[in-house]
Amino acid sequence: MNFPVEEFRKIETPFYYYDKKVFDNTLQAIQASLSEHPNYHLHYAIKANANVDVLKEIQKAGFGVDAVSGGEIQQALDAGFDANKIVYAGVGKADWEINLGLDAGIFCFNVESEPELQIINELAGAKGKVAKVCFRINPNVGAHTHANITTGLAENKFGIAMEDMELAIREAQELSNIEFIGLHFHIGSQILEMGDFEALCARINELQDRLEQEGIVVKNINVGGGLGIAYDDPDGKPIPDFEAYFDTYARNLRLREGQHVHFELGRAIVGQMGSLITKVLYVKKCHVKQFCIVDAGMSDLIRPALYDAHHEIQNITSEASERETYDVVGPICESSDVFGKDENLPSCDRGDLIAIRSAGAYGEIMACQYNCRKLPKGYLF
Ligand SMILES: *Cc1c(COP(=O)(O)O)cnc(C)c1O
């Protein structure tokens with residue numbers, strides 16, 4: 001991958017670089033796969049990256065938004081997304097957030113508990129509105145991913161237990177300010193095995209059969225997101241296999257007449273087009289190790305410290321022919337502030353630019369000011 005290094009030299013490091021070309025190609029690949037399925041609808045999981053320039057591209061591509069907070073609903077509205085394409089999940093929706101969703105007229109609330117249903121009914125009633133709701137069902141389907149990002153197991157805090165599904169729907173049907181419009185699922189993130197999504201489809205088929213016997217009509221099935229990206233090969237696999245992903249659902253999910261399927265992809269849309277660009281401050285040699293100390297830290301990109309994630313690391317300015325082994329670390333006062341151990345890189349010098357790849361998702365948005373640091377900015381070009 002050739003980075004526009006000359007441009008980078010004019011920007012204060014560390015910063016996020018969003019590659020417009022890779023991004024456009026990714027959005028086009030999704031549109032191409034989706035065009036084969038007119039009843040499929042994509043809601044971008046805005047929590048992955050809420051950079052305004054990034055959002056505008058996704059909005060222009062015609063997708064909706066999956067929000068998990070009032071702030072995200074507002075950010076989506078500000079970026080020009082159609083309220084009728086916004087879905088809103090979360091186990092702890094505050095009253096002001098529900099009111100914001102009601103006032104904006106979002107497509108639906110993905111309800112995660114019975115008490116939440118009651119409050120939405122009350123708040124909608126006070127406004128003389130009817131809130132459309134899907135129930136988020138915990139399908140007790142495991143995903144082959146990191147334990148911190150699996151969400152569909154019975155022990156996770158998300159969703160309503162399968163056993164309580166009928167009861168919740170019956171209750172919703174009795175409430176005068178609630179319209180039940182479907183079911184919602186989301187089993188986890190960074191999932192690369194299509195078998196995990198097949199297992200979800202099998203579970204949904206089972207639940208649909210149960211509901212059909214009870215005469216309950218489900219208009220919408222929201223299968224969530226979770227499609228992963230190739231962190232180990234950003235250049236070889238810049239675009240996730242959307243074709244295989246949507247085909248998995250087409251082959252395995254048994255739909256009823258007129259049903260719509262909703263997807264909530266985040267990482268797969270924005271992950272590979274982003275890199276965190278950082279500058280080498282010092283190369284420090286110790287007896288057992290050699291450290292490449294860069295000006296970005298876990299406050300800018302927390303995934304390695306939080307999830308044990310590994311992002312490819314490249315020295316994008318070194319012209320050295322020999323390679324050396326470094327632990328690439330940040331300046332933060334935490335031992336977990338490490339981007340990579342034993343990284344084999346062209347010899348690094350003060351001032352070299354380093355690209356930490358596949359950082360478009362859960363990067364800039366998770367940055368914090370720990371150690372009173374400045375937040376990194378994101379640039380799309
Ligand atoms: C985080 C999240 C997503 C998106 O997950 P990705 O792995 O980024 O695709 C989708 N739906 C819900 C409810 C989420 O919380």
Side-chain angles (χ1 to χ4, degrees), residues 26-27 30 40-51 54-55 58 63-73 75-76 85-93 97 101 106-113 116 133-139 141 143-153 156-160 182-194 196-197 200 204 220-231 239-242 245-246 248-249 261-274 302-303 306-307 309 358-366:
T26 307
L27 293 173
I30 302 171
Y40 283 12
H41 309 276
L42 181 63
H43 307 267
Y44 165 61
I46 191 172
K47 78 173 188 281
N49 185 328
N51 180 290
V54 168
L55 291 184
I58 296 171
F63 306 139
V65 157
D66 161 43
V68 291
S69 75
E72 288 189 352
I73 294 174
Q75 182 79 353
K85 288 183 181 173
I86 298 177
V87 297
Y88 173 28
V91 295
K93 301 179 184 75
E97 296 178 301
I106 61 171
F107 177 68
C108 86
F109 292 86
N110 290 326
V111 171
E112 307 219 13
S113 67
E116 180 195 328
V133 309
C134 285
F135 283 110
R136 177 170 184 172
I137 307 296
N138 186 328
V141 170
H144 296 88
T145 186
H146 191 277
N148 287 4
I149 50 178
T150 181
T151 54
L153 288 175
N156 298 131
K157 70 180 174 182
F158 301 100
I160 290 170
L183 301 178
H184 173 233
F185 304 86
H186 175 64
I187 56 171
S189 202
Q190 185 51 20
I191 297 168
L192 291 167
E193 291 182 36
M194 292 302 128
D196 291 343
F197 298 120
L200 173 62
I204 297 174
N220 298 279
I221 305 278
N222 183 333
V223 297
L227 178 62
I229 60 172
Y231 280 99
I239 299 177
D241 194 348
F242 294 110
Y245 173 73
F246 290 119
T248 298
Y249 282 98
V261 185
H262 300 259
F263 297 85
E264 302 173 332
L265 296 177
R267 186 191 316 267
I269 301 178
V270 294
Q272 291 292 50
M273 60 88 173
I302 201 174
R303 298 193 65 259
L306 189 60
Y307 309 123
S358 311
Y362 307 105
E364 184 186 353
I365 192 70
M366 288 179 99

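This chain uses plain numbering: 1 for the first residue, then up along the sequence. Counting starts at 1 for both ligands and their atoms, in listed order.
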Cationic tip of Lys93 within the cone over Tyr88's six-membered ring, i.e. under 6.0 Å and within 45° of the normal? yes
List of N/O pairs, ligand 1 versus protein, all under 3.5 Å?
from	atom 1	to	atom 2	distance (Å)
ligand 1	7 (O)	Ser189	OG	2.3
ligand 1	8 (O)	Arg267	N	2.8
ligand 1	8 (O)	Tyr362	OH	2.6
ligand 1	9 (O)	Gly226	N	2.9
ligand 1	9 (O)	Gly266	N	2.9
ligand 1	11 (N)	Asp66	OD2	3.1
ligand 1	11 (N)	Glu264	OE1	2.7
ligand 1	15 (O)	Lys47	NZ	2.7

For Arg136, is there any backbone N or O sitting under 3.5 Å from a side-chain donor or acceptor partner on Asn110? no
Between CZ on residue Phe135 and OG on residue Ser113, distance to nearest 0.5 Å: 9.5 Å
Check: Gly90 main-chain N/O paired with Glu112 side-chain donor or acceptor under 3.5 Å: yes
Option from His262, His41, His184 for which ring-ring contact (aromatic ring centres under 6.0 Å, His included) with Phe107 holds: His262
Would a line drawn from the ring center of Phe263 to the ring center of Tyr245 be shorter than 6.0 Å? yes
